[in-house]
Chemist: 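Next up is a structure, given as structure tokens.
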Amino acid sequence: MPGGNYKIVTMSFVEYGDTIKDGDTAIVFLGHESMFPVKVQHGTVTQTKYGVIRHSTDLIGKKYGSKVTCSKGGWVFILHPTPELWTMNLPHRTQILYSTDISIITMMLELKPGSIVCESGTGSGSLSHALIRTVAPTGHLYTVEFHQQRAEKAREEFREHGVEHLVTVTNQDVCKNGFGVSNIADAVFLDIPSPWEAIGHAKSALKAEGGRICSFSPCIEQVQRTCLAMEEYGFTEINTLEILLRVYNVRTISLQIPDLGKAAEDNSSSGFDSSNPSQQSSPCANLQQGTVQFKSGVPLREVVGHTGYLTFATKSLV
């Protein structure tokens with residue numbers, strides 16, 4: 001509208017947009033083990049092993065999920081970003097939580113659309129994006145980051161990802177100054193070196209009618225001190241989990257069939273007729289080949305082991 005005020009709506013991590021627009025964050029998918037994020041900008045090009053992607057002609061205006069042919073003739077898919085894809089591709093400013101732990105955190109904290117959540121620290125924003133998507137469109141995330149540069153970068157990413165209206169980023173020490181809110185949170189999450197020092201502030205942030213708390217710590221000594229602090233502040237239902245992921249690789253393998261007797265005797269006893277074409281592919285014929293193929297699930301040789309301990313508790317109403 002000439003002379004009118006209007007806003008160009010870009011992609012959001014909590015709302016799916018069908019078309020790629022200038023300023024969007026998109027995921028360039030080369031394969032399950034090869035993908036990366038890109039900020040779509042008019043006049044910009046992105047290099048891949050399959051050649052160049054020209055944003056103006058190859059991306060802007062195309063639909064998410066499109067197959068894009070690169071300059072060398074190879075092709076990639078352009079995916080709409082999600083918290084799960086962002087966790088796999090985000091720039092690491094700190095160690096991050098992955099989907100295995102994130103999924104149990106959102107469930108055990110009983111989060112849903114409309115929930116109010118307090119988080120510390122923000123770090124690289126892996127969990128933050130998942131929390132925002134879970135509580136949207138009417139909930140809110142209050143996230144505290146001690147490191148000033150990381151806090152500023154988190155604000156910038158939330159703005160670029162279209163979720164700034166759902167999150168408040170505060171740069172302060174949660175152990176000394178708390179979350180900056182009182183009696184409004186449904187849940188609190190702590191991922192800091194000394195979570196036991198923030199339990200009192202977490203209790204103050206939770207609603208008077210109760211709420212849930214979760215603390216992530218890599219060392220069992222941290223868990224012990226945190227549990228003692230939770231008991232001191234009257235939290236109940238305290239329990240600690242360790243989530244271990246074991247991935248299986250499904251593949252076809254061949255095994256030799258053991259010799260359980262002469263095939264001829266088996267054939268005569270089973271009424272096998274070698275002149276009958278309908279019985280040429282019978283199990284006895286396969287036995288004479290000596291091997292059989294079947295699908296098998298085999299654990300990967302290298303698997304991710306311990307990430308950390310998740311301690312959950314409930315604010316007592318007493």
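Because only heavy atoms are used, hydrogens play no part in the values below, and waters and symmetry mates are left out as well, while side chains stay in.
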Chemist: Using the side-chain hydrogen bond (donor to acceptor under 3.5 Å, both in side chains) rule, take Lys295 and Thr252 through it: C-alpha gap first, then chi angles, then the decisive distance, then the call.
Modeler: CA-CA 5 Å; Lys295 296 289 185 180; Thr252 302; 2.9 Å; yes
Chemist: Begin from the C-alpha positions of Cys70 and Val76 and carry the test side-chain contact (heavy atoms from CB on, under 4.5 Å) through to its verdict.
Modeler: CA-CA 7 Å; Cys70 304; Val76 298; 4.2 Å; yes
Chemist: Please lay out, stage by stage, how Phe179 and Thr170 fare under the test side-chain contact (heavy atoms from CB on, under 4.5 Å).
Modeler: CA-CA 8 Å; Phe179 294 93; Thr170 305; over 6 Å; no
Chemist: Would Glu156 and Arg159 pass as an ion pair if we require N to O under 4.0 Å?
Modeler: no
Chemist: Can you name the nearest heavy-atom pair linking Gly114 to Thr138, along with the distance?
Modeler: CA-OG1, 3.3 Å
Chemist: Out of curiosity, does Ile53 fall in the hydrophobic cluster containing Phe77 (side-chain heavy atoms, cut-off under 4.5 Å, transitive links)?
Modeler: no
Chemist: Any idea which heavy atoms bring Gly234 and Ser316 closest together, and the distance?
Modeler: O-CB, 2.9 Å
Chemist: My understanding is that a hydrophobic cluster links ILVMFWY residues whose side chain heavy atoms are under 4.5 Å apart, including indirect links. Using that, what else belongs to the cluster containing Val298?
Modeler: none
Chemist: Should we count CD of Gln95 as having more than 12 external heavy atoms under 6.0 Å?
Modeler: no
Chemist: Atom CD1 in Ile60, atom CZ in Arg54: separation rounded to 0.5 Å?
Modeler: 14.0 Å
Chemist: Would you give the length of the straight line joining atom CD1 of Ile243 to atom NE2 of His306, rounded to the nearest 0.5 angstrom?
Modeler: 11.5 Å
Chemist: In the hydrophobic clustering (ILVMFWY, side-chain contacts below 4.5 Å, transitive), which residues join Val250, or is it alone?
Modeler: none
Chemist: Distance alone, cut at 3.5 Å: any donor-acceptor contact between the side chains of Lys63 and Thr19?
Modeler: no
Chemist: Can you check whether Lys49 reaches Leu30 side chain to side chain, under 4.5 Å on heavy atoms?
Modeler: yes
Chemist: Does the distance from a Lys or Arg side-chain N to an Asp or Glu carboxylate O, for Arg93 and Glu145, drop under 4.0 Å?
Modeler: no
Chemist: Should Trp196 and Leu228 count as side-chain neighbours, where that means a heavy-atom distance under 4.5 Å?
Modeler: no
Chemist: Is there a donor-acceptor pair under 3.5 Å between the side chain of Arg246 and the backbone N or O of Pro299?
Modeler: no
Chemist: What verdict does the side-chain contact (heavy atoms from CB on, under 4.5 Å) test give for Thr226 and Ile199, after you've listed the backbone C-alpha separation in whole Å, the side-chain angles of each residue and the deciding distance to 0.1 Å?
Modeler: CA-CA 8 Å; Thr226 303; Ile199 299 300; 4.1 Å; yes
Chemist: Starting at CG of Asp101, measure out to OG1 of Thr106 and round the result to the nearest 0.5 Å.
Modeler: 11.0 Å
Chemist: Which heavy atom of Leu245 sits nearest to which heavy atom of Thr100, and what is that distance?
Modeler: CD2-OG1, 3.6 Å
Chemist: Looking just at side-chain N and O atoms, do Thr122 and Thr143 make a donor-acceptor pair shorter than 3.5 Å?
Modeler: yes
Chemist: Count the heavy atoms of every other residue, nucleotide or ligand shown that sit under 6.0 Å from OH of Tyr233, and state whether that count exceeds 12.
Modeler: no
Chemist: Rounded at 0.5 Å granularity, tell me how far CD in Gln222 sits from OG in Ser215.
Modeler: 8.0 Å
Chemist: Rounded to the nearest 0.5 Å, how far does CZ of Arg133 lie from OG of Ser12?
Modeler: 11.0 Å
Chemist: Is the shortest side-chain heavy-atom distance between Ser115 and Thr134 below 4.5 Å?
Modeler: no
Chemist: Might you point out which heavy atoms bring Cys214 and Leu310 nearest each other, and give the distance in Å?
Modeler: SG-CD2, 3.9 Å
Chemist: Look at the side-chain heavy atoms of Ile, Leu, Val, Met, Phe, Trp and Tyr, link any pair under 4.5 Å apart, and say whether Leu166 and Val117 land in one connected group.
Modeler: yes
Chemist: Would you list the pairs meeting side chain to side chain donor-acceptor pair (under 3.5 Å) in which at least one residue belongs to residues 171-183, sequence neighbours left out?
Modeler: none
Chemist: For Ser124 and Thr94, test the side chains for any donor-to-acceptor distance below 3.5 angstrom and give the result as yes or no.
Modeler: yes
Chemist: Taking ring-ring contact (aromatic ring centres under 6.0 Å, His included) as the cut-off, I'd like each qualifying pair that reaches into residues 83-134, sequence neighbours left out, listed once.
Modeler: Phe13-Trp86, Phe13-His129, Trp86-His129, Trp86-His161, His129-Phe158, His129-His161
Chemist: Show the nearest heavy-atom pair for residues Gly51 and Ser71, with the distance to one decimal.
Modeler: CA-OG, 3.3 Å
Chemist: Give the other cluster members for Val52, using side-chain heavy-atom distances under 4.5 Å between Ile, Leu, Val, Met, Phe, Trp and Tyr residues; answer none if it is isolated.
Modeler: Val45
Chemist: Looking only at non-hydrogen atoms, find the nearest pair between Ala313 and Ile238 and report the distance.
Modeler: CB-CG1, 3.8 Å
Chemist: Shared ILVMFWY cluster between Met35 and Val38, side chains joined below 4.5 angstrom?
Modeler: no
Chemist: Among Gln148, Arg155, Gln149, find the one that has a side chain to side chain donor-acceptor pair (under 3.5 Å) with Glu152.
Modeler: Gln148
Chemist: For a side-chain contact (heavy atoms from CB on, under 4.5 Å) check, start with the C-alpha distance between Ile78 and Leu59, then their side-chain angles and the critical distance, and finish with the verdict.
Modeler: CA-CA 8 Å; Ile78 308 300; Leu59 298 184; 3.5 Å; yes
Chemist: Measure the spacing between CD1 of Ile105 and CZ of Phe312 and express it to the nearest 0.5 Å.
Modeler: 6.0 Å
Chemist: Using side-chain heavy atoms (C-beta onward) and a distance below 4.5 Å, is Tyr64 in contact with Asp24?
Modeler: yes
Chemist: So do Ser128 and Val167 actually touch side chain to side chain, heavy atoms under 4.5 Å?
Modeler: no
Chemist: Going by ring-ring contact (aromatic ring centres under 6.0 Å, His included), name the pairs with one or both residues in residues 32-56, residues two or more places apart or in two chains.
Modeler: Phe29-His32
Chemist: Heavy-atom distance under 4.5 Å between the side chains of Ser126 and Ile102, does that happen here?
Modeler: yes
Chemist: For the hydrophobic clusters of this structure (ILVMFWY residues joined by side-chain heavy atoms under 4.5 Å, transitively), does one cluster hold both Leu131 and Ile192?
Modeler: no
Chemist: Looking at side-chain heavy atoms only, is the closest gap between Val68 and Lys62 below 4.5 Å?
Modeler: no
Chemist: Salt bridge check, Asp186 against Lys207: does any charged N sit closer than 4.0 Å to a carboxylate O?
Modeler: yes
Chemist: If you define the side chain from C-beta out and look only at heavy atoms, does anything of Phe235 sit under 4.5 Å from Lys315?
Modeler: yes
Chemist: Could you see if Leu109 belongs to whatever hydrophobic cluster contains Ile132? Use Ile, Leu, Val, Met, Phe, Trp, Tyr and a side-chain cutoff under 4.5 Å.
Modeler: yes
